Trainee: 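Structure incoming, see below.
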Amino acid sequence: MASTHLDLGEELGALVAELGQPVERAAREMIVLELYRRSLISSGKAAALLGISRLDFIRRASELGIPYFRFTEDEWHAEVAESKRA
């Protein structure tokens, strides 16, 4: 497993420590969530990287305001219109 030393500095390190989990775990979660938010990895890959179920990952991301469904406004209107036709 690759590892990297990251100097967060005292202030940022203290803020991350306030999350109530080991700094390494909190940092890993933040990195994975950001990769997912940027659509660089899937929810399944993100869950695997964090060692949790896909559903748990989707819930966690949602709690943090990262949506599972990503539609443009036009795509959303098309989906709504399609669902009304069905």
Side-chain angles (χ1 to χ4, degrees):
M1 180 177 177
S3 65
T4 301
H5 174 77
L6 179 62
D7 183 4
L8 299 176
E10 286 184 39
E11 186 175 4
L12 182 54
L15 289 168
V16 173
E18 288 181 22
L19 295 173
Q21 59 183 336
V23 173
E24 294 83 5
R25 180 163 174 77
R28 183 178 185 89
E29 181 180 278
M30 288 179 196
I31 291 167
V32 170
L33 284 161
E34 182 60 17
L35 291 170
Y36 174 73
R37 188 187 68 77
R38 293 182 184 197
S39 299
L40 297 173
I41 58 175
S42 67
S43 59
K45 179 67 173 178
L49 288 169
L50 294 176
I52 60 176
S53 74
R54 184 168 174 253
L55 182 57
D56 285 343
F57 174 78
I58 292 168
R59 285 180 180 147
R60 177 70 176 137
S62 181
E63 288 168 0
L64 297 171
I66 302 171
Y68 176 67
F69 293 107
R70 299 174 188 167
F71 294 111
T72 65
E73 188 171 344
D74 290 340
E75 291 169 333
W76 176 250
H77 290 298
E79 286 291 321
V80 170
E82 183 63 30
S83 70
K84 288 179 180 178
R85 281 189 280 249

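Bear in mind the structure is a predicted one, so any value in this text is a computation, not a measurement.
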Trainee: Hey, could you give me the CZ/CD1 distance between Arg60 and Ile66, rounded to the nearest 0.5 Å?
Mentor: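 If we round to the nearest 0.5 Å, Arg60:CZ and Ile66:CD1 are 9.0 Å apart.
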Trainee: In the structure I gave you, are the side-chain heavy atoms of Glu79 and Glu75 within less than 4.5 Å of one another anywhere?
Mentor: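 The answer is no; the side chains never approach within 4.5 Å.
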Trainee: Got a second to check how far Glu10's CD is from Leu15's CG, nearest 0.5 Å?
Mentor: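 It comes to 12.0 Å.
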Trainee: Going only through I, L, V, M, F, W and Y residues with side-chain contacts under 4.5 Å, is there a path from Ile31 to Ile58?
Mentor: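 Per the 4.5 Å side-chain linkage, Ile31 and Ile58 are co-clustered.
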Trainee: Is the count of non-hydrogen atoms from other residues, nucleotides or ligands lying under 6.0 Å from Glu11 atom CD greater than 12?
Mentor: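 No.
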Trainee: Starting at CG of Leu55, measure out to OG of Ser43 and round the result to the nearest 0.5 Å.
Mentor: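 So the gap between those two atoms works out to 10.0 Å.
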Trainee: Identify the heavy atoms of Arg37 and Glu34 that sit nearest to each other, and give their distance.
Mentor: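 Scanning both residues, the minimum pair turns out to be NH2-OE2, 2.5 Å.
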Trainee: Does any non-hydrogen side-chain atom of Arg59 lie less than 4.5 Å from one of Ser62?
Mentor: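 No; the side chains remain at least 4.5 Å from each other.
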Trainee: Which pair of non-hydrogen atoms, one from Ile41 and one from Tyr36, has the smallest distance, and what is that distance?
Mentor: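 Of all heavy-atom pairs spanning Ile41 and Tyr36, the closest is O-CD1, 3.5 Å.
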Trainee: Quick one: closest heavy-atom pair of Phe57 and Ala46, and the distance?
Mentor: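 For Phe57 versus Ala46, the nearest heavy atoms are CZ-CB, 3.5 Å.
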Trainee: Provide the closest heavy-atom pair for Gly9 versus Asp7 in the form atom of the first, atom of the second, distance.
Mentor: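 So the minimum-distance heavy-atom pair works out to N-OD1, 3.0 Å.
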Trainee: Using side-chain heavy atoms (C-beta onward) and a distance below 4.5 Å, is Leu19 in contact with Met30?
Mentor: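 A side-chain contact exists here, since the closest heavy-atom pair is under 4.5 Å.
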Trainee: Please name the pair of heavy atoms, one in Gly13 and one in Leu8, separated by the smallest distance, quoted to 0.1 Å.
Mentor: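 In terms of heavy atoms, the two residues are closest at N-CB, 3.9 Å.
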Trainee: Is there a donor-acceptor pair under 3.5 Å between the side chain of Arg28 and the backbone N or O of Leu49?
Mentor: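 Here the side-chain-to-backbone pair exists.
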Trainee: I'd like to know if Leu6 and Leu35 are part of one continuous hydrophobic network [Ile/Leu/Val/Met/Phe/Trp/Tyr, side-chain heavy atoms within less than 4.5 Å].
Mentor: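 Result: no, two separate clusters.
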